[in-house]
Amino acid sequence: MRRERPGGGEGSRRRRGGGKRCGGSLRAGKSRENGQGERYRGRSRPVCRAPVGGREEGALIRYSEYLMPTSKETPSDAEVVSHRLMLRAGLIRKVASGIYNYLPAGLRVLRKVERIIREEMDRAGAQEVLMPAVIPAELWKESGRWEAYGKELLRFRDRADREFCLGPTHEEVITDLVRREIHSYRQLPLNLYQIQDKFRDEIRPRFGLMRGREFFMKDAYSFDVDEESAAVTYRKMYDAYGRIFRRMGLEFRAVEADTGAIGGSSSHEFMVIADSGEDAVVSCERCEYSANVEKAECPPDGSERPSSPSPGTPRKVSTPGKRTIEEVSSFLGIAPGLLLKTLLFETDKGDVAVVLSGSHEVNETKVKNHLGADWVKLAGEERVRELTGAPSGYAGPVGLSVRVLADHSVRGIACGATGANEKDAHLVDVVPGRDFQPEAYADLRLVEEGDRCPRCPGPLRFSRGIEVGHVFRLGTKYSKSLSATYLDAGGKERMIVMGCYGIGVGRTAAAAIEQHHDPDGIQWPVSIAPFEVCVLPVTMKNAALVKEAERVAEDLSGKGIEVLFDDRDERPGIKFKDADLVGIPLRVTFGEKNYEAGYAEIRDRKKGETVRVGISAIADRVCAELDLKRKECAP
RNA sequence: CGGGACGUAGCGCAGCCUGGUAGCGCACUUGCCUUGGGAGCAAGGGGUCGCCGGUUCAAGUCCGGCCGUCCCGACCA
């Protein structure tokens, strides 16, 4: 049983963060006059206007009183860095699968993420609202999603046996609100957002805050009179998202995403680039083009020549036991790129053969979209025999009785080889257009590293990404099902055109860690760090030193800086390790020798560099360093 | 929901095969010592071995059921 019991929780609170509570803080207490008053002031005192960074108030938190239980060891169920480090740094604790407590420092991070989102949403003209987490079933029944959504929707009944669900998303609620309040084109456009607790009963929660069941999400919904106006709103949101993630110091890409079953005209996913990302992203080395793998286009690159029928016929050759592209290619001495790979699909639109160059892989999403199908599935061994009369590995388009689609790459094969639809036999000298006629040439393959960008001559590169945001043009899907309409200037009733825009708050924080960490711990970008500076007296036994360190800490917080004052009576090594682990961007260290000489040190967590500075100049220097770091998080 | 694994002190684990006194490291408490990168010595506290049932003189260990958790696949912020 991993769960902490009440008693255990208390114990763990004292373990490290609150550790040495008696010994340590009593001694530390001597260095300040009155524990309680000081403590109150340190926690929530509003501080005078800040000259630095436009911030209004700072903070001075005493570590000895703060619940930030760090640990050297990693809980065994944490797999990815961000999850491990959030646990080790005392930011979160698990309550149940996919459900977490946010401890004080973790909550500080989330609040900062939220704050940046709020500022940019407001700037973009959106208005904040707050919708309920508990939603009556009627709304979901009306949109048809009560049945369609599946088990991810957590349903329950109240005391009067009325049905409710926990909201996994809020299209129904917002559309209901808007259809009641909006009746005229004069009230549009409108863009409403909230930052709210969502619940999705995920089949498989994992990776800590990266994929929880309960999580904070910013969701925005826009309402416009027509597609043109909706496109403007979409662009505004797209731009706002760029500002948001830049301000958080994240390296990201806005990638074109497949709109899939939802339809709609366009959709972009905002991906934070990180090796541990769950999604594959392709982007151009030269221009701005980025797409996720399903969506990435592979247009004909011009090297393909149109196939003009030429005289002759294909020749059958014996290829005993040669089924794979590699086997056939080396057996016949023909390059894989000249093989006509033929794949058979079962779909809701009937059976289809897809032909592409042997050096490429098929993209099922593209096949599905091309056919306008709801589903496609690679045919099994049995079905392949039924359709071709041969075991798999010997299928070919010549003489095949199902629909044949060809990838653009097939056009480049003037004379190729393919399966003969007969066991242990292939055809050579096969000419597309002469020996078989595809119903269409289309983009049906998966992109590959080094492919030419569809927008420019640059090469495409692969990377991994974490989807932290998604913007979507919804069209009239929900306004239709929930009949949200308005009257235009001519008095005519029209459907409101919608868009929706999400950002995962906790996931964004997790993504920031994935992108900014080293073996010692987190390296927060200043804009979302729980604290900006850690003031660290190396010993609590030297009263004068502690007092001076505290004075500097107060000075900094008075300037609007968020300070963690490590007043724990711990050995220096422990304090250093904790400051690194928690990832506070700057550390001001008061050591005895330096102090006697009138100096302290400022250490940069990310660069790992330390500078020795006269104590009287510390505050100014810290402000300057922070300003530089804040500029790195410029929108 | 399918496939795999795990559940023993707050955390990380051993013990189980071959049934017989519940252990180790870290953390915690006390004392000494130490004080610029998770020190050292000594003495302590802490466990319904996930739950229920069965086999047995005897179950952490063997058997059955249940619960929980994690990993791999289809979904998503």
Side-chain angles (χ1 to χ4, degrees), chain A residues 1-23 69-80 83 87-88 93-94 96-98 113 117 149-152 168-169 195-196 198 200-220 241 257 260-262 269-272 278-279 375 377 466-472 500-511 520-521 536-542 569-581 587 589-595 601 603 610:
Chain A
M1 188 63 82
R2 288 274 138 70
R3 198 172 304 173
E4 289 187 352
R5 276 169 274 162
E10 181 67 16
S12 68
R13 185 172 74 84
R14 299 169 52 125
R15 201 178 319 143
R16 172 76 73 193
K20 305 278 183 192
R21 198 169 182 78
C22 297
T70 57
S71 75
K72 198 161 48 173
E73 286 178 293
T74 317
S76 59
D77 51 10
E79 198 69 11
V80 297
H83 189 197
L87 288 167
R88 286 193 53 210
R93 286 292 183 263
K94 189 173 72 178
S97 179
V113 170
I117 294 173
Y149 211 86
K151 288 187 178 167
E152 239 179 58
T169 175
I195 296 176
Q196 191 244 14
K198 293 275 185 284
R200 291 182 190 174
D201 201 354
E202 291 274 350
I203 292 158
R204 193 181 156 208
R206 58 183 143 176
F207 302 153
L209 297 196
M210 207 93 106
R211 184 191 296 274
R213 290 146 94 200
E214 187 186 16
F215 57 99
F216 290 120
M217 180 168 128
K218 188 284 299 179
D219 45 327
Y241 272 40
I262 303 169
E269 294 168 344
F270 284 76
M271 311 287 272
V272 166
E278 292 184 85
D279 304 294
W375 57 269
K377 180 174 133 242
I466 300 162
E467 184 188 352
V468 290
H470 201 159
V471 294
F472 216 102
C500 73
Y501 319 90
I503 294 179
V505 175
R507 182 182 281 188
T508 302
D520 289 322
L536 190 155
V538 152
T539 171
M540 295 305 287
K541 301 288 192 296
N542 182 333
D569 189 16
E570 292 285 1
R571 303 168 56 80
I574 289 178
K575 293 186 171 193
F576 294 151
K577 288 288 183 190
D578 278 342
D580 287 351
L581 177 59
R587 185 181 88 199
T589 313
F590 282 82
E592 291 199 278
K593 288 201 184 84
N594 276 327
Y595 170 68
E601 286 168 337
R603 184 178 171 86
T610 307

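Atoms considered below: every heavy atom in the structure, side chains included; atoms not considered: hydrogens, waters and symmetry mates. Each chain gets a letter, A, B and so on, in the order the sequences are listed, and its residues count up from 1. All values derive from a computational prediction rather than experimental measurement.
Residues A:Pro537 and A:Lys575 form a side-chain contact, since some pair of their non-hydrogen atoms from C-beta on lies under 4.5 Å apart. Between A:Ile466 and A:Glu278 there is no side-chain heavy-atom pair separated by less than 4.5 Å. Looking only at side-chain heavy atoms (C-beta outward), A:Asp580 and A:Arg587 come within less than 4.5 Å of each other. Two residues are said to be in side-chain contact when any heavy atoms from C-beta on lie closer than 4.5 Å; A:Thr169 and A:Arg200 meet this criterion. Contact check for A:Tyr595 versus A:Val538: no side-chain heavy atoms found under the 4.5 Å cut-off. Annotation: side chain of A:Asp219 is in contact with side chain of A:Lys198 (closest heavy-atom distance under 4.5 Å).
Side-chain nitrogen and oxygen atoms of A:Lys94 include at least one within less than 4.0 Å of the OP1 or OP2 phosphate oxygen of B:C70. Listed pair A:Arg200 / B:C76 fails the phosphate criterion, with no side-chain N or O lying under 4.0 Å from OP1 or OP2. At B:C70, one or more side-chain N or O atoms of A:Ser97 fall inside 4.0 Å of OP1 or OP2 (strictly under the cut-off). Between A:Arg206 and B:G73 there is a side-chain polar atom (N or O) within less than 4.0 angstrom of OP1 or OP2.
Distance OH (A:Tyr595) to P (B:G36): 17 Å, rounded to an integer number of Å. Distance CZ (A:Arg571) to C1' (B:G36): 10 Å, rounded to an integer number of Å. Note: NZ (A:Lys72) to P (B:A27) measures 5 Å, nearest angstrom. In this structure, A:Arg507 atom CZ and B:C75 atom C1' are separated by 11 Å, rounded to whole Å. A:Leu536 places its CG atom 13 Å from the C1' atom of B:G38, with the value rounded to the nearest Å. Taking atom CZ of A:Arg93 as the reference point, atom C1' of B:U69 lies 17 Å away to the nearest angstrom. One interatomic measurement links the two molecules: NZ of A:Lys541 to C1' of B:U34, which rounds to 10 Å at whole-angstrom precision. With rounding to whole Å, A:Ile574 atom CD1 is found 15 Å from B:U35 atom P.
Side-chain proximity of A:Glu202 to the nucleotides B:G37, B:A77, B:U35 is greatest for B:A77. The side chain of A:Thr70 has B:G38 as its nearest neighbour among B:G38, B:C76, B:G36. Among B:C75, B:G25, B:G36, the nucleotide with an atom closest to any side-chain atom of A:Glu601 is B:G36. Checked against B:A77, B:G37, B:U34, the side chain of A:Arg587 finds its nearest nucleotide in B:G37. Picking from B:G37, B:A39, B:G36 the nucleotide with the shortest atom distance to the side chain of A:Asp580 gives B:G37. Distances were taken from every side-chain heavy atom of A:Met217 (C-beta onward) to each of B:A77, B:C26, B:A39; the shortest belongs to B:A77. You'll find that the side chain of A:Thr589 is closest to B:G36, out of B:G25, B:G38, B:G36.
A distance of about 10 Å separates the P atoms of B:C51 and B:U8, rounded to the whole Å. The separation of B:G60 from B:G7, taken at their C1' atoms, amounts to 12 Å, rounded to a whole angstrom. Comparing B:C11 with B:C67, their P atoms sit 23 Å apart, to the nearest whole Å. Using atom P as the reference point in both B:U29 and B:G10, the two lie 16 Å apart (nearest Å). Across the C1' atoms, B:A77 and B:G36 are found 43 Å apart, a figure rounded to whole Å. Comparing the C1' positions of B:G4 and B:C76 gives an interatomic distance of 24 Å, to the nearest angstrom. Atom name C1', nucleotides B:A27 and B:U55: the rounded distance is 40 Å, in whole Å. Spacing between B:G25 and B:G3 at atom C1', rounded to whole Å, works out to 34 Å.
Counting any heavy atom pair closer than 4.0 Å across all strands shown, A:Thr508 reaches no nucleic acid atom. At a threshold of 4.0 angstrom between heavy atoms, the contacts of A:Asp201 with the nucleic acid are absent. Within 4.0 Å (heavy atoms only), A:Gly469 reaches sugar-phosphate atoms of the nucleic acid but no base atom. If you check every strand for non-hydrogen atoms under 4.0 Å, A:Asn542 touches nothing. Within 4.0 Å of A:Gly504, counting heavy atoms only, lies at least one base atom of the nucleic acid. If you check every strand for non-hydrogen atoms under 4.0 Å, A:Glu269 touches nothing. A:Gly521 comes within contact range of no nucleotide atom at all, as no heavy-atom separation falls under 4.0 Å.
A:Glu79 is linked by a side chain to side chain contact (heavy atoms under 4.5 Å, CB included) to A:Phe207, counting only residues two or more places apart in sequence or in another chain. For A:Arg213, the salt bridge (charged side-chain N to carboxylate O under 4.0 Å, His left out) test picks out A:Asp201, with sequence neighbours left out.
For A:Glu570 against B:G38, no side-chain N or O and base N or O form a donor-acceptor pair under 3.5 Å. A donor N or O paired with an acceptor N or O is found under 3.5 Å between the base of B:G38 and the side-chain atoms of A:Asp578. Contact of A:Arg88 with B:C11 (side chain to base): no donor-acceptor pair of N or O atoms is detected under 3.5 Å.
Positionally, the nearest nucleotide of RNA chain B for A:Gly98 lies more toward the 5' end than for the other of A:Gly98 and A:Glu467. For the pair A:Glu79 and A:Arg211, both in contact range of RNA chain B, the more 5′-proximal nearest nucleotide belongs to A:Glu79.
Of the nucleotides present, none pairs with B:A59 by Watson-Crick or G-U wobble criteria with both distances under 3.5 Å. B:C70 is paired with B:G4 under the Watson-Crick or G-U wobble criterion, all donor-acceptor distances under 3.5 Å. Across all strands shown, B:A27 forms no Watson-Crick or G-U wobble pair with both key distances under 3.5 Å. In a base pair of the Watson-Crick type (N1 to N3 plus N6-O4 or O6-N4) or a G-U wobble (N1-O2 and O6-N3), with each distance short of 3.5 Å, B:G45 is matched with no nucleotide. With both pairing distances under 3.5 Å, B:G36 is matched to nothing as a Watson-Crick or G-U wobble pair. In this structure, B:C17 makes no Watson-Crick or G-U wobble pair, since no nucleotide meets both defining distances under 3.5 angstrom. Pairing for B:C51 goes to B:G65, judged as Watson-Crick or G-U wobble with the two contacts each under 3.5 Å.
Remark: ring of A:Phe215 stacked against base of B:A77; centroid gap under 5.5 Å, plane tilt under 30°.
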Query - Stepwise side-chain contact (heavy atoms from CB on, under 4.5 Å) test for A:Ile503 and A:Phe270 - result: CA-CA 9 Å; A:Ile503 294 179; A:Phe270 284 76; over 6 Å; no
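Looking only at distances, a side-chain donor or acceptor of A:Lys218 sits under 3.5 Å from a matching main-chain atom of A:Tyr501.
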